[in-house]
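These notes are about the structure you will find just below.
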Amino acid sequence: MQITAGQDSSICRAGNIQGWLLVATMWLASAGAVLIAPVLPFMEKSFSDIPNAKLLLLIALVVPGLMIALLSPFIGMVVDYFGRKRFFMFAVVLYAICGALPFWLTDIHHILASRVFVGIAEAGINTIAGALIADYFSGLERQKWMTLVHGSASLFSVTMFALGGFLGGSAAGWHAPFLVYGLALVFFPLIGLFIWEPAHVASTTASAAPVSDTPFRWSRIADLCALTLVSAIMFFVVPVQI
């Protein structure tokens with residue numbers, strides 16, 4: 001069955017609506033860098049009188065990814081303790097507002113600051129959506145949705161790259177692609193309607209006790225983390241250099 005607001009999470013079963021909603025929210029992180037990569041030359045020209053403008057713009061491009069890498073583990077601990085849904089909705093709103101702000105901003109340092117907050121929001125969205133997929137699904141269903149996340153993210157990135165370039169050539173110039181971030185607000189009511197707090201998280205929050213005392217075995221994922229780091233670096237090289 002699908003859930004709507006007010007239903008008991010203990011009797012709910014996730015389906016395609018929840019799966020695709022979580023997958024789609026995780027696409028937002030894919031748009032973080034590639035959407036504005038095509039307009040970096042226009043931004044560089046616009047801020048040519050600012051010292052180190054090229055370096056600052058490159059940092060603005062990749063800083064959301066840095067925030068994801070630095071903050072995701074801590075955000076994971078916070079949402080495990082306090083719950084997922086409210087933080088999920090807050091992160092989506094933060095992403096939409098801070099992502100769209102550079103449409104109106106004219107100071108490169110303010111733009112850079114807004115990008116830092118976009119990265120914080122992306123860290124929250126990715127961490128919570130991934131945790132909810134693990135909460136809602138198991139076995140082959142869980143594998144299916146996680147595979148869709150990573151497989152579809154590449155296609156979405158290509159689309160966003162093309163859209164960023166197209167909008168950058170409009171009358172609004174390099175400011176235009178930033179408005180796309182604001183479209184993330186559409187997820188706010190959908191999360192409110194179709195996402196619920198997993199029963200084990202809700203009970204843990206109520207008792208203020210940790211989910212589990214079992215220590216996490218980092219050695220099991222160390223090689224995967226190293227591979228992910230190298231892949232992420234390779235991913236950013238292409239949009240930056242193009």
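As the structure is a computational prediction, the values presented were derived from the model and not from experiment.
- The backbone N or O of M43 sits nowhere less than 3.5 Å from a side-chain atom of S46 that would complete a donor-acceptor pair.
- A single hydrophobic cluster is seen to contain both F166 and M160, as judged by linkage of ILVMFWY side chains at heavy-atom distances under 4.5 Å, directly or through other members.
- The shortest side-chain heavy-atom distance between P102 and H175 does not fall under the 4.5 Å cut-off.
- Screening residues 89-131 for ring-ring contact (aromatic ring centres under 6.0 Å, His included), with sequence neighbours left out, gives Y95-Y181.
- Heavy atoms from other residues, nucleotides or ligands lying under 6.0 Å from CZ of F87 number more than 12.
- Residue E141 holds its CD atom at 7.5 Å from CG of N16, rounded to the nearest 0.5 Å.
- Put simply, V149 and I68 are part of two different groups of oily side chains (I, L, V, M, F, W, Y) that touch within less than 4.5 Å, one to the next.
- We find the CE-OG1 distance between M77 and T127 to be 10.5 Å, quoted to the nearest 0.5 Å.
- In this structure, I17 is a member of the same hydrophobic cluster as W20, with clusters built from ILVMFWY side-chain heavy atoms closer than 4.5 Å.
- Counting heavy atoms from C-beta on, the side chains of I221 and W218 come closer than 4.5 Å.
- Judged by distance alone, with hydrogens and angles left aside, the side-chain atoms of R84 form no donor-acceptor pair with the main-chain N or O of I128 at under 3.5 Å.
- Side-chain atoms of Q18 come within 3.5 Å of backbone N or O of G15 as a donor-acceptor pair.
- Among all heavy-atom pairs drawn from A96 and L185, the shortest one is CB-CG, 3.5 Å.
- K54 NZ: 12 or fewer foreign heavy atoms inside a 6.0 Å radius.
- Residue L55 is grouped with residue F42 when hydrophobic side chains (ILVMFWY) are merged at heavy-atom distances under 4.5 angstrom, including chains of intermediate members.
- When all heavy atoms of L61 and I36 are compared, the pair lying nearest together is CD1-CG1, 3.7 Å.
- Between the side chain of S72 and the backbone N or O of A69 there is no donor-acceptor pair closer than 3.5 Å.
- Side-chain contact between L57 and I111: absent, with no pair of heavy atoms (C-beta onward) separated by less than 4.5 Å.
- In this structure, the separation between CG on L21 and CZ on F194 is 8.0 Å, given to the nearest 0.5 Å.
- Listed by first and then second residue, the ring-ring contact (aromatic ring centres under 6.0 Å, His included) pairs involving residues 43-69 are F47-W174 (not counting sequence neighbours).
- No side-chain heavy atom of L101 sits less than 4.5 Å from a side-chain heavy atom of F178.
- Once rounded to the nearest 0.5 Å, the distance linking CG of L148 with CD1 of I133 reads 9.0 Å.
- With rounding to the nearest 0.5 Å, the separation of CG in D107 from CD1 in I50 is 7.0 Å.
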**Request:** Output, in order, the C-alpha distance, side-chain angles, deciding distance and verdict of ring-ring contact (aromatic ring centres under 6.0 Å, His included) for W196 and Y136.
**Result:** CA-CA 10 Å; W196 64 90; Y136 289 173; 4.3 Å; yes
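- Under a 3.5 Å cut-off, the side chain of T159 and the backbone N or O of L155 do form a donor-acceptor pair.
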